[in-house]
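The next block holds one structure in the form of structure tokens; read it before the comments.
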Amino acid sequence: MNNSVSKKDITRSILYINIAVLLYGTSGVMSRFTEVSSSMLTFGRVFVSTCVILIYSLIVKKDLQLKNKRDFIILMAAGAVLGFHFLTFFVSIRLSTVAIATITYAAAPLFMVFLEHFVYGTKLTKKSLIMTILIIIGVSITCPDISFENSMFMGLLVGLLSAFLYGILTVLNNEVASKYDSTTVTLYQQAAASLTTLPFAFITFNGLNATDIAVIVFIGVVITAVAFAMFVSTQRYLSVQTVGIVSTMETVYGIILAAVFLHEIPSRGELIGGLIVLSVVIYAQLDIQKN
């Protein structure tokens, strides 16, 4: 974060990032207002977002050329992972609840720790292992009935898969994030996600009504493209730790919105498990800042 920025810039950035995270938190709720398949919803989301970002890039005449073939392959792979990340998130919600899907998604940092260890040789500390165990306990508490016949448990497993995919996406992004503008990276990844999920959307396509189109456009434009632009704009004025801590509020916003608009009142286990997961994630961010 630049120390010369004004208080007004910081205040505006804090407002923007909270709005962006709040919008992210609405994706799960919005998905419940349409009966289209999770794959169709995912494809619609990334396709609409791709169109919006491409139009913006053409208007501002942004340079979208990549430096080499390796970067193109990495971006395409990351885009494919992104597509399946979104898909599994929506499937998790359909199988369980918004609360379980968002709580398991918040466990993504647990996978990042191990992925960075295996890919970059980052040392696994005792503190990291303890926090990992606590996150596992927190997620387990949200759904105590461990049975493959229990849709809640299956939703939890798919949610963990979504979090794992997000961890892979983060590792892949580390390879290209410093080389290109965030808009360029996002455009290529959203386009790749569109191509990846198109076959699944085609297979499950069963028509669209006005409500379906409205939900897909809202998720694609407002939740994906606009929220992303607001989120990225704040990183110039806020520290990485601040951004990370505020981002954990997506789970809180998602649960609150689901309770208000879907009447999905979280169970005691979901509340306790969610509190444990969020507490560990926030502590981890503060610990990074301290060190």
Handout entry: Over 12 foreign heavy atoms within 6.0 Å of CZ, Phe202
Key = no
Handout entry: Trace of the side chain to side chain contact (heavy atoms under 4.5 Å, CB included) decision for Leu169 with Gln189
Key = CA-CA 10 Å; Leu169 177 64; Gln189 290 184 354; 4.0 Å; yes
Fill in the blank from the handout: All heavy atoms of Val176 vs all of Val185, minimum pair found to be O-CG2, 4.4 Å
Exercise for the section: Report yes if some heavy atom in the side chain of Thr26 is under 4.5 Å from a heavy atom in the side chain of Phe261; otherwise report no. Expected result: no
Exercise for the section: Determine whether Ile100 and Ile265 fall in the same hydrophobic cluster, where Ile, Leu, Val, Met, Phe, Trp and Tyr are linked whenever their side-chain heavy atoms lie under 4.5 Å apart. Expected result: no
Practice task
Provide the full list of ring-ring contact (aromatic ring centres under 6.0 Å, His included) pairs with a residue in residues 47-73, sequence neighbours left out, each pair given once.
Solution key: Phe43-Phe47
Completion exercise
Residues pairing under salt bridge (charged side-chain N to carboxylate O under 4.0 Å, His left out) where one sits in residues 152-180, two or more places apart or in two chains, turn out to be Arg70-Glu175, Asp71-Lys179
Which pairs of donor and acceptor atoms, one on a side chain in residues 212-225, lie under 3.5 Å apart (sequence neighbours left out)?
residue: Asp212; atom: OD1; partner: Thr34; partner atom: OG1; Å: 2.6
residue: Asp212; atom: OD2; partner: Asn209; partner atom: N; Å: 3.1
residue: Asp212; atom: OD2; partner: Asn209; partner atom: ND2; Å: 3.4
residue: Thr224; atom: OG1; partner: Arg45; partner atom: NE; Å: 2.8
residue: Thr224; atom: OG1; partner: Ile219; partner atom: O; Å: 2.8

Exercise for the section: For Phe84, enumerate each residue passing the ring-ring contact (aromatic ring centres under 6.0 Å, His included) test, keeping only those at least two apart in sequence or located in another chain. Expected result: Phe200
Practice task
Name all residues meeting the side-chain hydrogen bond (donor to acceptor under 3.5 Å, both in side chains) criterion together with Tyr24; count only those two or more places apart in sequence or in a different chain, and write none if there are none.
Solution key: none
Exercise for the section: Would you indicate whether Asn206, at its atom CG, is surrounded by more than 12 heavy atoms from other residues, nucleotides or ligands within a distance under 6.0 Å? Expected result: no
Exercise for the section: Establish whether Val98 and Leu271 are linked, either directly or via other cluster members, by ILVMFWY side-chain heavy-atom contacts under 4.5 Å. Expected result: no
Handout entry: Linked, directly or transitively: Leu23 and Val260 (ILVMFWY side chains, under 4.5 Å)
Key = yes
Problem - Phe89 and Ser31: CA distance, side-chain angles, deciding distance, side chain to side chain contact (heavy atoms under 4.5 Å, CB included) verdict - result: CA-CA 10 Å; Phe89 177 72; Ser31 69; over 6 Å; no
Problem - Check: Ile255 and Ile103 side chains under 4.5 Å, non-hydrogen atoms - result: yes
Problem - side chain to side chain contact (heavy atoms under 4.5 Å, CB included) evaluation trace for Gln190 with Leu82 - result: CA-CA 8 Å; Gln190 297 282 332; Leu82 175 66; 3.7 Å; yes
Handout entry: Test side-chain hydrogen bond (donor to acceptor under 3.5 Å, both in side chains) applied to Ser37 - qualifying residues, sequence neighbours left out
Key = Ser39, Thr204
Completion exercise
dist Ile17:CD1 -> Leu22:CG (nearest 0.5 Å) comes out at 12.5 Å
Practice task
Output, in order, the C-alpha distance, side-chain angles, deciding distance and verdict of side chain to side chain contact (heavy atoms under 4.5 Å, CB included) for Thr184 and Leu66.
Solution key: CA-CA 9 Å; Thr184 301; Leu66 301 180; 4.3 Å; yes
Problem - Sequence neighbours excluded - salt bridge (charged side-chain N to carboxylate O under 4.0 Å, His left out) pairs with any residue from residues 251-271 - result: Arg32-Glu264
Handout entry: For Thr42 against Leu87, the heavy-atom pair lying closest together
Key = OG1-CA, 3.3 Å
Practice task
Mind checking side chain to side chain contact (heavy atoms under 4.5 Å, CB included) for Ile133 and listing every partner two or more places apart, or none if nothing turns up?
Solution key: Ile137
Handout entry: Pairs involving residues 80-106, ordered by first then second residue, that meet salt bridge (charged side-chain N to carboxylate O under 4.0 Å, His left out) (sequence neighbours left out)
Key = none
Practice task
For residues Leu156 and Leu160, determine if any side-chain heavy atom of one lies less than 4.5 Å from a side-chain heavy atom of the other.
Solution key: yes
Handout entry: ring-ring contact (aromatic ring centres under 6.0 Å, His included): pairs with one or both residues in residues 149-198, sequence neighbours excluded
Key = His85-Tyr166, Tyr105-Tyr166, Phe111-Phe164, Phe148-Phe153
Handout entry: Partner set under side chain to side chain contact (heavy atoms under 4.5 Å, CB included) for Lys8, not counting sequence neighbours
Key = Ser6, Arg12
Problem - salt bridge (charged side-chain N to carboxylate O under 4.0 Å, His left out) pairs, two or more places apart, involving residues 149-173 - result: none
Handout entry: Connected via hydrophobic side-chain network under 4.5 Å: Leu262 and Leu257
Key = yes
Practice task
Examine distances only and state if a side-chain atom of Ser162 and a backbone atom of Thr88 form a donor-acceptor pair shorter than 3.5 Å.
Solution key: no
Handout entry: Transitive ILVMFWY side-chain link Ile135 to Leu275, under 4.5 Å
Key = no
Practice task
Mark yes or no for whether Ser151, through its side chain, and Ser96, through its backbone, hold a donor-acceptor pair below 3.5 Å.
Solution key: no
